[in-house]
Amino acid sequence: TCSQLLPNLWARPCGGPSRKMRGFCTFISRPLLFLLLHFTLVQCDITDGNAEHLKREHSLMKPYQGVGSSPSSQWDFWGSTLVTSSYVRLTPDERSRQGSIWNTVPVYLKDWEMHVQYKIHGSGKKNLHGDGIAIWYTKERLHPGPVFGNQDHFVGLALFVDTFRNDLHGMDRSFPYIYAIVNNGSLPYDHGNDGRNSELGGCSSEIRNKDHDTYLAIRYSKGRLTVMIDIDDKNEWKECIDIGGVRLPTGYYFGASAATGDLSDNHDIISMKMYQLMVEHTPDEDSLDWTKIEPSVSLLKSPKDNIDDPTGNFRSTPLTGWKVFLLLLCALLGIVVCGVVGAVVFQKRQERNRRFY
């Protein structure tokens, strides 16, 4: 565990052929240990589904109690949505259907992580299926429309699991494609370009017709939006989107929607689990009225640059903690190796020189 790591690191002795070598090794290893500790603690902060952070009023789980139109319900649904004991089916594998399910309780958490367990499957062959699922964190809820079953010009965050390519010229990314958009209500969704003009980032992922459920995690913390996916059911997250400068208010609603057109699929939600992230904020941040923040993103580059290549590798992902850690670790290990070899050579020369006196 993270708490056990530090004693184990410091307790490990640093040996060598001489006192000078031991001193040199200690000199080199202390900064390396500090670096390892820093990035290990960063990674240990990732939510692993701890129940004490689970916010049940914002979570949708089997057997789906609290779903319905009664005043006490915490989730409401619309359209073709069918709630069973095993899944919530937003659309059946039929043409021209729309469905959605929405949390009725606004979220007043500044830092959160939403885990979505879902499944997209159907009888359609390759490229003959559609359209996909959208996960929403928006100002308004239950407003049907043309964007994956929800309204256009939405205010908030949308994460699209898009299974059908409309843009036949955009061959630099393969579908299914997962991408995020933040909107303040001024931007229309561009169906012809699959939302490319306002996309923040994304990745390709083969999520259809799996023998198991697929997962995604949406994390928002201290202005950073991160999306991770697990399509192999190995409990191993793969980074899809990681972008800073994102501003999202509190008081918005979570929901999920799906739509079919001339092509179709079953779009199932198995669970949506919301976790509170325990993050410290500055006094200035705490004094803000987070309900008055306008959704926005401060980008250093155009959203159009946040695309993946045809092989599914995300080209423009920023250097995240693990990547920086690995780069620095390789550099430090190189310095250690060079230093140790140099010290050994120097010591042997000293011993050789002493033979001639």
Side-chain angles (χ1 to χ4, degrees), residues 58 75-81 90-91 96-108 112 114 116 130-167 170 173 175 177-202 216 218 220 223 225 227 241 243 245-262 267 269 272 289-299 301-307:
H58 303 303
W75 292 82
D76 200 0
F77 58 92
W78 168 87
S80 60
T81 301
L90 300 175
T91 72
S96 302
R97 306 298 294 271
Q98 291 185 351
S100 65
I101 187 164
W102 287 86
N103 191 199
T104 62
V105 184
V107 177
Y108 289 101
W112 45 262
M114 172 64 82
V116 182
D131 286 319
I133 288 177
I135 307 298
W136 306 91
Y137 176 68
T138 54
K139 185 176 182 179
E140 298 178 322
R141 63 182 190 88
L142 278 177
H143 282 264
V147 184
F148 291 77
N150 194 38
Q151 65 178 348
D152 201 353
H153 294 275
F154 62 90
V155 180
L157 167 69
L159 183 75
F160 299 104
V161 183
D162 195 344
T163 59
F164 181 75
R165 179 195 301 276
N166 290 291
D167 181 12
R173 56 181 182 176
F175 280 67
Y177 189 72
I178 301 173
Y179 56 99
I181 293 178
V182 171
N183 196 353
N184 62 3
S186 64
L187 299 175
Y189 179 80
D190 188 351
H191 284 276
N193 291 317
D194 299 306
R196 189 186 192 118
N197 293 337
S198 48
E199 170 201 332
L200 299 180
L216 60 85
I218 310 168
Y220 178 70
L225 178 68
V227 178
I241 302 169
I243 185 167
V246 179
R247 289 173 59 83
L248 294 175
T250 59
Y252 281 19
Y253 298 91
F254 272 102
S257 68
T260 64
D262 292 335
H267 297 98
I269 297 290
M272 297 177 66
D289 185 353
W290 286 61
T291 62
K292 297 295 193 297
I293 293 176
E294 181 179 271
S296 63
V297 182
S298 301
L299 287 174
K301 57 185 176 179
S302 169
K304 298 178 184 179
D305 296 332
N306 291 331
I307 56 176

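On a predicted model such as this, the values are computed, not experimentally measured, just so you know.
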The reported gap from CD1 in Ile243 to CD1 in Ile241 (rounded to nearest 0.5 angstrom) is 8.5 Å
Taking every heavy atom of Tyr252 against every heavy atom of Gly156, the minimum-distance pair comes out as CE2-CA, 3.9 Å
Verify, without hydrogens or angle tests, whether Thr138 (side chain) and Val155 (backbone) share a donor-acceptor contact under 3.5 angstrom.
no
Starting at OH of Tyr177, measure out to CG of Asp162 and round the result to the nearest 0.5 Å.
10.0 Å
Please confirm whether Phe160 and Tyr189 have ring centers closer than 6.0 angstrom.
yes
Do any N or O atoms from the side chain of Ser80 and from the backbone of Gln98 form a donor-acceptor pair under 3.5 angstrom?
yes
Run the side chain to side chain contact (heavy atoms under 4.5 Å, CB included) check on Val147 and His191 step by step: do they pass?
CA-CA 8 Å; Val147 184; His191 284 276; 4.3 Å; yes
Between CZ of Phe254 and CH2 of Trp75, what distance do you get to the nearest 0.5 Å?
8.5 Å
Answer with yes or no whether the side chains of Asn103 and His58 bring together a donor and an acceptor at under 3.5 Å.
yes
Are side-chain heavy atoms of Ile133 and Leu159 found at a separation under 4.5 Å?
no
Between Tyr137 (side chain only) and Leu248 (backbone N and O only), is there a donor and an acceptor less than 3.5 Å apart?
no
Between the main-chain N or O of Arg173 and the side-chain N or O of Arg165, is there a donor-acceptor pair closer than 3.5 Å?
yes
Atom pair OG/NE2 of Ser100 and His267 - distance to nearest 0.5 Å
13.5 Å
Can you check whether Gly195's main-chain N or O pairs, donor with acceptor, with Asn193's side chain at less than 3.5 Å?
no
Given side chains that start at C-beta, do those of Asn166 and Phe164 come closer than 4.5 Å, heavy atoms only?
yes
Who are the side-chain hydrogen bond (donor to acceptor under 3.5 Å, both in side chains) partners of Asp289, not counting sequence neighbours?
Thr291, Lys292
Just by modelled atom types, is the Gly99 backbone N or O under 3.5 Å from a matching donor or acceptor in the Thr91 side chain?
no
Do Trp78 and Trp102 have side chains that approach each other closer than 4.5 Å (heavy atoms only, starting at C-beta)?
no
Indicate yes or no: at least one non-hydrogen side-chain atom of Tyr253 is less than 4.5 angstrom from one of Pro106.
yes
Distance col, row Ile269:CD1 vs Ile135:CD1, nearest 0.5 angstrom, shows 4.5 Å
Under the side-chain hydrogen bond (donor to acceptor under 3.5 Å, both in side chains) rule, collect the residues that match up with Arg141, sequence neighbours excluded.
none
Smallest heavy-atom separation, Thr260 atom then Asp131 atom, equals C-OD2, 3.7 Å
Would you check, one step at a time, whether the test side chain to side chain contact (heavy atoms under 4.5 Å, CB included) holds for Leu157 with Val246?
CA-CA 10 Å; Leu157 167 69; Val246 179; over 6 Å; no
So, for Ala180 and Leu225, which heavy atoms are closest and what is the spacing to 0.1 Å?
CB-CD2, 4.2 Å
Supply the atom-to-atom distance Leu216 CG to Met272 CE, rounded to the nearest 0.5 angstrom.
9.0 Å
When the ring planes of Tyr220 and Trp112 are compared, do they come out parallel, tilted or perpendicular, using 30° and 60° as the limits?
tilted
Using a 3.5 Å distance criterion without hydrogens, assess whether the side chain of Asp194 forms a donor-acceptor pair with backbone atoms of Arg196.
no
Strictly distance-based, threshold 3.5 Å: is any side-chain N or O of Asn184 a donor or acceptor partner for the main-chain N or O of Glu294?
no
Pairs meeting criterion side chain to side chain donor-acceptor pair (under 3.5 Å) with involvement of residues 144-155, two or more places apart
Glu140-Gln151
